[in-house]
Amino acid sequence: MPQERSTIKACRSDALHYDCLIIGGGPGGLTAAIYLARFRRRCLVVDGGHGRASYIPNSHNYPGFPPGVSGEELLQRLRIQALHYGAELVQAWVERVEATEGGFLIEVDGQAYRAERVLLATGIEDHLPDMPDVHNAIRAAQVRLCSVCDGYEVDGHSVAVYGEADIAISHAVFLRTFTDRVTVVVHGDEPACEAARTRAQEFSIELIGGRVESMRCVDGEVEIETCRGQRRSFDIVYPSLGHRPRAELASRLGARCDDEGALLVDDHQRTNVSGLFAIGDVVKGLKQISVATGQAAIAATAIHNSLEPNPWRTGAVAGRGLPNQPG
């Protein structure tokens, strides 16, 4: 740790200054950038790529796109809009964030940045089943991560929910809204508890126990084989294995989290760390794109209002603010 701190301090004199640095270039982070740029604030989005939204094959759950929109198309539209208003985007990983007097020092691929405010939109990392090409299966909508997002598209399909029985059963009951062919495939060696078995019987949900030995895509279906030799194929599999909020950067600064690791924020998306805001899936609450973009509008407005006023000056470029100057 001491060596890391000296490295970032050595870059202070070359640090580029921003009003706000946004970590995470998903729908939430990009929406915040659009707002801040339109407020004539200097903002930089640092995105490591491979965000959850990028795997969405076609979402029918986001307002304004009746035929649906892929995650990549939505992200590209948001990037274009953010750049149009003067936001800056960098594809890289944030290595460290250090609180300083009046703001933060952030190191990105060896380059230091100063920011008076930092907005975390880092999302979550899903715990995925052990299967070949699982991300391609997600892009093909054979493995799906959010029944709230796309349960409506399950129309009588054969669906498996894969996870610990007491957790998976609640997801399975929800999916019974859309199909009568729902199976819970129990993760691990522990048998389903009596409450889960009772719930499954009540809603005509099949329970399959026994450790899963393999899960793979075969001829447009997901084939699951257990240690007991059971082999079943499903149109769709919903993993229910949990997730990990990407909150490490905030935690190192002392930000408070709930028992599951999600960041706790107030009504303005502020963490307990002065100047540090958070939105989207990394925050406690409903994991939806529309929620993240709404939180982005709240956070960006609060960030703007928390900074010193920035009156228009002769020489400013309309929509793009003043040129960025080294700190």
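In this chain, residues are counted from 1 in sequence order.
In this structure, Asn272 contributes its side chain and Arg256 its backbone to a donor-acceptor pair below 3.5 Å. Between the Asp47 side chain and the Gly24 main chain, no donor and acceptor come within less than 3.5 Å of each other. Side chain of Thr122 to backbone of Arg246: a donor-acceptor contact under 3.5 angstrom is found. The main-chain N or O of Val161 is never found under 3.5 Å from a side-chain atom of Ser240 such that the two would form a donor-acceptor pair. Distance alone, capped at 3.5 Å, places no donor-acceptor pair between the Asp258 side chain and the Leu264 backbone. Listed for the Asp19 side chain is no donor-acceptor partner under 3.5 Å among the backbone atoms of Cys43. Arg181 contributes no side-chain N or O that, together with a main-chain N or O of Val159, makes up a donor-acceptor pair within less than 3.5 Å.
Atom CG of Leu105 and atom OG1 of Thr100 lie 6.5 Å apart (nearest 0.5 Å). Going from atom CZ of Arg270 over to atom CD1 of Ile303 covers 10.5 Å, rounded to the nearest 0.5 Å. Between Ser251 atom OG and Leu263 atom CG the span is 6.0 Å, to the nearest 0.5 Å.
Counted within 6.0 Å of CG on Asp267, heavy atoms from surrounding residues, nucleotides or ligands total 12 or fewer; the atom is thus considered open. Within 6.0 Å of CD on Gln201 lie no more than 12 heavy atoms contributed by other residues, nucleotides or ligands. Residue-environment remark: OH (Tyr152) stays at or below the threshold of 12 foreign heavy atoms within 6.0 Å. Other residues, nucleotides and ligands contribute only 12 or fewer heavy atoms inside 6.0 Å of the CG atom of Asp133. Other residues, nucleotides and ligands contribute more than 12 heavy atoms inside 6.0 Å of the CD atom of Glu73. Summarising the local packing, OH of Tyr35 is surrounded by 12 or fewer heavy atoms from other residues, nucleotides or ligands at distances under 6.0 Å. The local environment of CD in Glu202 is crowded, with over 12 non-hydrogen atoms from other residues, nucleotides or ligands closer than 6.0 Å.
In this structure, the side chains of Gln269 and Leu119 stay at 4.5 Å or more apart for every pair of heavy atoms. At least one side-chain heavy atom of Ile34 sits less than 4.5 Å from a side-chain heavy atom of Tyr85. Taking the side chain as every heavy atom from C-beta outward, Phe104 and Leu253 approach each other to under 4.5 Å. Side-chain contact between Ile279 and Ile298 is absent, with no heavy-atom pair separated by less than 4.5 Å. Inter-residue side-chain proximity for Leu249 and Val94 is flagged as met; some heavy-atom pair is nearer than 4.5 Å. Between Arg216 and Glu225 there is no side-chain heavy-atom pair separated by less than 4.5 Å. In this structure, the side chains of Asp180 and Ser204 stay at 4.5 Å or more apart for every pair of heavy atoms. Using a 4.5 Å heavy-atom threshold, the side chains of Arg252 and Val97 count as separate.
For residues 217-240, no residue pair satisfies the ring-ring contact (aromatic ring centres under 6.0 Å, His included) rule, not counting sequence neighbours. Within the structure, salt bridge (Lys or Arg N to Asp or Glu O under 4.0 Å) pairs that include any residue of residues 148-173 comprise Arg144-Glu153 (at least two apart or interchain). For residues 294-310, the set of pairs meeting the side-chain hydrogen bond (donor to acceptor under 3.5 Å, both in side chains) definition, not counting sequence neighbours, comprises Arg41-His304, Arg117-Ser306. For the side-chain hydrogen bond (donor to acceptor under 3.5 Å, both in side chains) condition, the pairs that include at least one residue of residues 274-291, sequence neighbours left out, are Asn61-Gln288.
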Identify each donor-acceptor pair in which a side-chain atom of residues 183-193 lies under 3.5 Å from a protein atom, sequence neighbours left out, and give them as a table.
{"from": "His187", "atom 1": "ND1", "to": "Tyr162", "atom 2": "OH", "distance (Å)": "2.9"}
{"from": "Asp189", "atom 1": "OD1", "to": "Arg211", "atom 2": "NH1", "distance (Å)": "2.9"}

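Ring orientation note: the planes of Tyr18 and Tyr113 are tilted relative to one another, at an angle of 30° to 60°.
Every residue was checked against the ring-ring contact (aromatic ring centres under 6.0 Å, His included) condition with Phe65, not counting sequence neighbours, and none meets it.
Nearest heavy atom pair, residue Leu175 against residue Ser147, reads CD2-CB, 3.9 Å.
Under the 4.5 Å side-chain heavy-atom criterion for grouping Ile, Leu, Val, Met, Phe, Trp and Tyr, Ile23 is connected to Leu16 within one hydrophobic cluster.
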